[in-house]
Amino acid sequence: MLPPASAPATAPVASNAAPAASDTAASSQSAADLVPAAIKAKGTLIVGTDATYPPGEMFDTDGKTIIGLDADLAVALGQQLGVQLKMQQATFANIIPGLQSGKYDIGLSSFTITAERTKVVDFVTYFQAGEGFYVKAGSGKTYSGLDALCGLKVAVETGTVEETDAQDQADKCKAAGNPAPTVMSFADQDQANLAVSSGRADLGFADSQVAEYIVKVSNGQFEMSGEPFGVAPYGIALPKGNGMAEAMRAAMQQLISDGTYLNILKQWGVEDGAVTDPVINQASS
């Protein structure tokens, strides 16, 4: 597990809830008013997250407390929604199935919104990020874009967009007369990092700000390779059609409007990924 760097001591405090920006019916209601009664009655909503993906989510130095951008955002969103959001460690690939089964009420774990995922869960946009490569320091290798993966051993976390992109690249490499990449999938990001540091993988592939953070806190073990690419929106995942999407969008809109949201992003050094208009089930470009 890579140690966190300069984690904020406390999460920002959000102000009173405000209306969703783009829905007339919701405009006179606070985010808390929009939460379905059955969900509000729970009092505490369980948030599935994989705390191996900094700076979005990671364990603090005690090895138990989940901190990061998404953890701070959960506190602020809970205040807007009138419920407590409790972060719970999960394997990334199991979070969406957990939402479908009722194990989790929310998925907040750096989810890139994709058409395939929106078939089974609802998303509310809250961030945007690209993809990036990182390598063992001193390797002398520079890789740029998906075409560079041909013939390489690439370490990814299971269930991520990077895993899918690397697997899809195999056919493109073969069509161009090049060897396919060997995609090494791991249950969490820490294991993927270890594959790169041990030399079993040529490079690691993760969301760009995650790759940058991994490099930042690696004590010189890793370095970035090439430029970020493939910018796409992140979404807060919710059980499909359970009535929470509009309430979550209203909560996000208020955090954006009152400055709480940008303050959280600045604390983690990722303000370049800020969005200004939360959208339900936004499609990736």
Side-chain angles (χ1 to χ4, degrees), residues 1-7 49-69 89-95 109-112 129-170 172-174 178-230 268-270:
M1 177 67 191
L2 293 172
S6 302
T49 193
D50 180 357
T52 68
Y53 216 58
E57 41 276 328
M58 63 191 129
F59 286 111
D60 203 350
T61 52
D62 62 5
K64 299 177 181 179
T65 305
I66 298 175
I67 62 173
L69 162 64
Q89 170 62 13
T91 301
F92 183 78
N94 293 335
I95 296 175
S109 195
S110 305
F111 278 106
T112 300
E131 297 176 296
F133 300 140
Y134 62 100
V135 297
K136 188 174 182 179
S139 69
K141 301 292 184 179
T142 300
Y143 305 110
S144 297
L146 290 172
D147 289 344
L149 294 179
C150 298
L152 299 179
K153 295 178 180 178
V154 53
V156 296
E157 183 175 1
T158 301
T160 60
V161 167
E162 285 75 24
E163 180 186 47
T164 301
D165 285 351
Q167 291 170 341
D168 290 347
Q169 186 62 29
K172 297 177 182 178
C173 290
K174 291 177 182 177
N178 298 315
T182 299
V183 183
M184 304 171 66
S185 300
F186 298 92
D188 60 49
Q189 189 61 42
D190 292 337
Q191 295 179 53
N193 297 344
L194 182 59
V196 178
S197 64
S198 68
R200 288 183 291 136
D202 296 304
L203 75 166
F205 188 19
D207 291 354
S208 55
Q209 88 283 359
V210 174
E212 290 166 359
Y213 195 90
I214 289 169
V215 169
K216 178 180 177 181
V217 300
S218 71
N219 295 318
Q221 194 172 25
F222 300 121
E223 60 189 19
M224 293 297 293
S225 182
E227 296 295 325
F229 57 93
W268 293 100
V270 293

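Position 1 is the first residue of the sequence, and the numbers go up from there.
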> Donor-acceptor pair, Ser225 side chain versus Phe133 backbone, under 3.5 Å?
Replying inline: no
> Can you name the closest pair of heavy atoms from Pro54 and Tyr213 and give their distance?
Replying inline: CB-CD2, 3.2 Å
> Below 4.5 Å, heavy atoms only, C-beta onward: do Arg200 and Lys153 meet side chain to side chain?
Replying inline: no
> Taking atom CD of Glu57 and atom CD of Gln89, what is their separation to the nearest 0.5 Å?
Replying inline: 9.0 Å
> Does some side-chain heavy atom of Ile95 sit less than 4.5 Å from a side-chain heavy atom of Phe111?
Replying inline: yes
> Any chance the side chains of Ser144 and Glu227 put a donor and an acceptor closer than 3.5 Å?
Replying inline: no
>> Rounded to the nearest 0.5 Å, what separates atom OG1 in Thr160 from atom CG in Asp207?
In response: 7.5 Å
> Is a side-chain N or O of Asp202 found less than 3.5 angstrom from the main chain of Val154, in a donor-acceptor match?
Replying inline: no
> What pair of heavy atoms forms the shortest contact from Met184 to Ala195, and how long is it?
Replying inline: CE-CB, 4.5 Å
> Between Cys173 and Pro181, which heavy-atom pair has the shortest distance, and what is it?
Replying inline: SG-CD, 3.9 Å
>> On a heavy-atom basis, which atom in Ala187 and which in Thr158 lie closest, and how many Å separate them?
In response: N-OG1, 4.0 Å
> Atom CG of Leu149 and atom CG of Asp168: how far apart are they, to the nearest 0.5 Å?
Replying inline: 11.5 Å
>> Counting C-beta onward and ignoring hydrogens, is there a side-chain heavy-atom pair between Pro55 and Val270 closer than 4.5 Å?
In response: yes
>> The test is side chain to side chain contact (heavy atoms under 4.5 Å, CB included); show your working for Glu162 and Glu157 and say whether it passes.
In response: CA-CA 8 Å; Glu162 285 75 24; Glu157 183 175 1; over 6 Å; no
> Atom CZ of Phe186 and atom CD of Glu163: how far apart are they, to the nearest 0.5 Å?
Replying inline: 11.0 Å
> Under 4.5 Å between any side-chain heavy atoms of Glu223 and Ser139, yes or no?
Replying inline: yes
> Which atom pair, heavy atoms only, marks the closest approach of Lys174 to Ala180?
Replying inline: CE-CB, 3.7 Å
> So, does Gln167 use its side chain to make a donor-acceptor pair with the main chain of Val183 at under 3.5 Å?
Replying inline: no
> What's the spacing between Asp190 CG and Thr52 OG1 if we round to 0.5 Å?
Replying inline: 5.0 Å
> Do the side chain of Asp62 and the main chain of Lys64 share a donor and acceptor less than 3.5 angstrom apart?
Replying inline: yes
>> Within the 4.5 Å heavy-atom criterion, are Phe59 and Ile66 side-chain neighbours or not?
In response: yes
>> Would the distance check show the side chain of Lys136 and the main-chain N or O of Val196 forming a donor-acceptor pair, the cut-off being under 3.5 Å?
In response: no
> Under a 4.5 Å cut-off applied to non-hydrogen side-chain atoms, are Tyr134 and Val210 in contact?
Replying inline: no
>> Quick check: closest heavy atoms across Ala211 and Ala206, and the distance to 0.1 Å?
In response: N-CB, 4.4 Å
> Would Asp165 and Gln169 count as a side-chain hydrogen bond (donor to acceptor under 3.5 Å, both in side chains) if you check the C-alpha gap in whole Å, the side-chain angles of each, and the deciding distance to 0.1 Å?
Replying inline: CA-CA 6 Å; Asp165 285 351; Gln169 186 62 29; over 6 Å; no
>> With side chain to side chain contact (heavy atoms under 4.5 Å, CB included) as the criterion, how do Phe229 and Leu146 come out once you've worked through the C-alpha distance, each side chain's angles and the decisive distance to 0.1 Å?
In response: CA-CA 9 Å; Phe229 57 93; Leu146 290 172; 3.8 Å; yes
> Does a side-chain heavy-atom distance below 4.5 Å link Ser109 with Phe92?
Replying inline: yes
> Are Val161 and Glu131 close enough that some pair of their side-chain heavy atoms sits under 4.5 Å apart?
Replying inline: yes
>> Nearest 0.5 angstrom please: Met58 CE to Gln189 CD, how far?
In response: 12.5 Å
